[in-house]
Amino acid sequence: MDNKNKFKLNNNSLIPEVGLGVFRIPVADEAYETVKTAISVGYRHIDTAMIYENEEAVGKAIKDSGIPREELFITTKLWNDDQKSGKVEEAIDLSLKKLGLDYVDLYLVHWPMKDTYVEVWKKMEEIYTKGKTRSIGVSNYEITHLEALLKEAKVVPAVNQIECYPYFSQDQLVEYCHEKGIIPEAWGPLGAGKTDIMNDSVIVELSKKYDCTPAQIILQWNIARKVIVIPKSVHKERMIENLKSVNISIEISDIKKISKLNKDMRLGPDPNVFGFE
Ligand code: NAD
């Protein structure tokens with residue numbers, strides 16, 4: 001993998017700055033076509049999860065793409081019940097089987113389960129040592145979770161995948177992750193279709209200034225802050241638009257202007273009380 005438009009993780013692995021998220025594409029045919037199209041237009045990074053129920057379709061699309069495995073970056077995630085039962089190796093083995101892969105590039109603990117999130121990390125370290133995943137990380141971890149985990153960890157998480165878009169800029173958590181050598185990764189980077197962020201006057205004004213689309217400005221804002229983005233789209237034109245956000249260069253003063261849009265407006269579950277344990 002060359003290092004163009006990629007971030008280096010704390011174990012020197014490279015991760016493409018933009019990936020395709022495939023949450024809420026449970027229908028196999030649609031997930032297959034979506035991933036196949038994405039790879040054909042240049043995506044090399046796909047973000048799935050056991051709970052998205054589309055690992056098989058993702059795997060088939062990867063296989064049929066004809067792109068060498070080592071050029072792709074595939075993430076999947078450990079769901080909460082497997083964390084609770086401690087069956088981490090069984091869970092990754094099942095994900096690998098469904099994906100038709102020998103290893104994933106990144107395996108994430110999907111949510112910090114109150115009583116198990118520190119303990120489960122030891123099992124994540126074991127599967128990492130066994131080579132079932134090239135990197136291990138977490139998702140939806142707040143500073144308190146990371147502090148507790150880092151006290152016990154032998155391997156520092158490579159990534160923390162968190163909800164992050166301009167109305168929920170997560171400045172403090174992003175800064176904390178960077179200080180600890182953890183690359184933040186933004187889920188819901190476009191507001192998950194739940195806000196009018198694309199029509200925000202600052203975003204619209206900047207998209208005119210940089211001759212690009214609101215989605216591209218929003219994605220580049222995170223990339224410029226060294227935050228990976230995994231926008232979801234099933235439409236080829238939007239996939240291309242989102243991927244091209246890497247080509248825009250925004251002045252630092254404008255990055256700050258976007259960060260100031262923060263309203264601490266969380267759209268997804270709060271990691272401290274997510275309630276699907
Ligand atoms: P998103 O912010 O990527 O928004 C997706 C929606 O934005 C799409 O449904 C589409 O309507 C719209 N969109 C996409 N590109 C557009 C464009 N160029 N112009 C206009 N509209 C556009 O939200 P998401 O899907 O919730 O998050 C992205 C990915 O993050 C998911 O697919 C999944 O892989 C991951 N995720 C992870 C967690 C977690 O707990 N770790 C939670 C949610 C999502």
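First listed ligand is number 1; within each ligand, the first listed atom is number 1. Starting from 1, each residue takes its place in the sequence as its number.
- Counting atoms of ligand 1 from 1 in the listed order, those under 4.0 Å from a heavy atom of Gln161 are 35 (C), 36 (N), 37 (C), 38 (C), 39 (C), 41 (N).
- Of the options Leu267, Ile46, Leu190, Val138, the smallest heavy-atom separation from atom 2 (O) of ligand 1 is shown by Leu190.
- Proximity of Ser139 to ligand 1, defined as any heavy-atom pair under 4.0 Å, is confined to the side chain (atoms from C-beta onward).
- Near Ala192, the atoms of ligand 1 lying under 4.0 angstrom from a non-hydrogen atom of the residue are 1 (P), 2 (O), 4 (O), 23 (O), 26 (O).
- No part of Leu108 comes within 4.0 Å of ligand 1, judged by heavy-atom distances.
- At the shortest separation from atom 18 (N) of ligand 1 among protein heavy atoms lies Asn242 OD1, 2.9 Å.
- Between Asp254 and Lys209 a salt bridge is recorded (basic side-chain N to carboxylate O distance below 4.0 Å).
- Residue Thr75 forms a side-chain contact (heavy atoms from CB on, under 4.5 Å) with just one option from Leu108, Asp105, Thr133, Ile46, and that option is Leu108.
- When non-hydrogen atoms are compared, ligand 1 lies under 4.0 Å from the side chain of Glu241 (C-beta onward) but not from its backbone.
- Of all protein heavy atoms, the one closest to atom 34 (O) of ligand 1 is Asp47 OD2, 2.7 Å.
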(request) List the steps, then state whether side chain to side chain donor-acceptor pair (under 3.5 Å) holds for Thr48 with Glu55. (result) CA-CA 7 Å; Thr48 184; Glu55 287 171 311; 5.4 Å; no

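- Looking at atom 43 (C) of ligand 1, its nearest protein heavy atom turns out to be Trp187 CE3, 3.2 Å.
- Between Arg238, His110, Gln216, Lys232, it is Lys232 that holds the heavy atom closest to atom 9 (O) of ligand 1.
- Residue contacts with ligand 1, taken as heavy atom pairs separated by less than 4.0 Å, involve Pro189 via backbone and side-chain atoms alike.
- Of the protein's non-hydrogen atoms, the one nearest atom 31 (C) of ligand 1 is Phe23 CB, 3.4 Å.
- Between Met198 and ligand 1, no N or O atom pair is found at a separation short of 3.5 Å.
- At least one N or O atom of Gly188, backbone or side chain, sits closer than 3.5 Å to an N or O atom of ligand 1.
- Residues satisfying the ring pair (Phe, Tyr, Trp, His ring centres under 6.0 Å) criterion with Tyr103, sequence neighbours excluded, are absent altogether.
- Asn54 contributes a side-chain N or O that, together with a main-chain N or O of Val22, makes up a donor-acceptor pair within less than 3.5 Å.
- Listed by atom number, the atoms of ligand 1 under 4.0 Å from Gly21 heavy atoms are 29 (C), 31 (C), 32 (O), 34 (O).
- Asn11 places a side-chain heavy atom less than 4.5 Å from the side chain of Tyr128.
- The ring pair (Phe, Tyr, Trp, His ring centres under 6.0 Å) test applied to Tyr141 returns Tyr117, His145, not counting sequence neighbours.
- Taking the six-membered ring where tryptophan is involved, the planes of Tyr52 and His110 are perpendicular, since the angle between them exceeds 60° and thus also 30°.
- The shortest N/O to N/O separation between Pro231 and ligand 1 does not fall below 3.5 Å.
- Contacts between Trp111 and ligand 1 below 4.0 angstrom, taking non-hydrogen atoms only, involve the side chain exclusively.
- Note: the hydrophobic cluster containing Phe168 also contains Ile143 (ILVMFWY, side chain heavy atoms under 4.5 Å, direct or indirect links).
- In this structure, Asn262 contributes its side chain and Ser169 its backbone to a donor-acceptor pair below 3.5 Å.
- Remark: minimum distance from atom 29 (C) of ligand 1 to any protein heavy atom is reached at Ile230 O, 3.2 Å.
- A salt bridge is absent between Glu185 and Lys77: the closest approach of a Lys/Arg side-chain nitrogen to an acidic carboxylate oxygen does not fall below 4.0 angstrom.
- Looking at ligand 1, you'll find an N or O of Asn140 within less than 3.5 Å of one of its N or O atoms.
- Salt bridge absent: Glu241 and Lys244 never bring a charged side-chain N and a carboxylate O closer than 4.0 Å.
- Close N/O approach between Arg24 and ligand 1 is not found [any backbone or side-chain N/O within under 3.5 Å].
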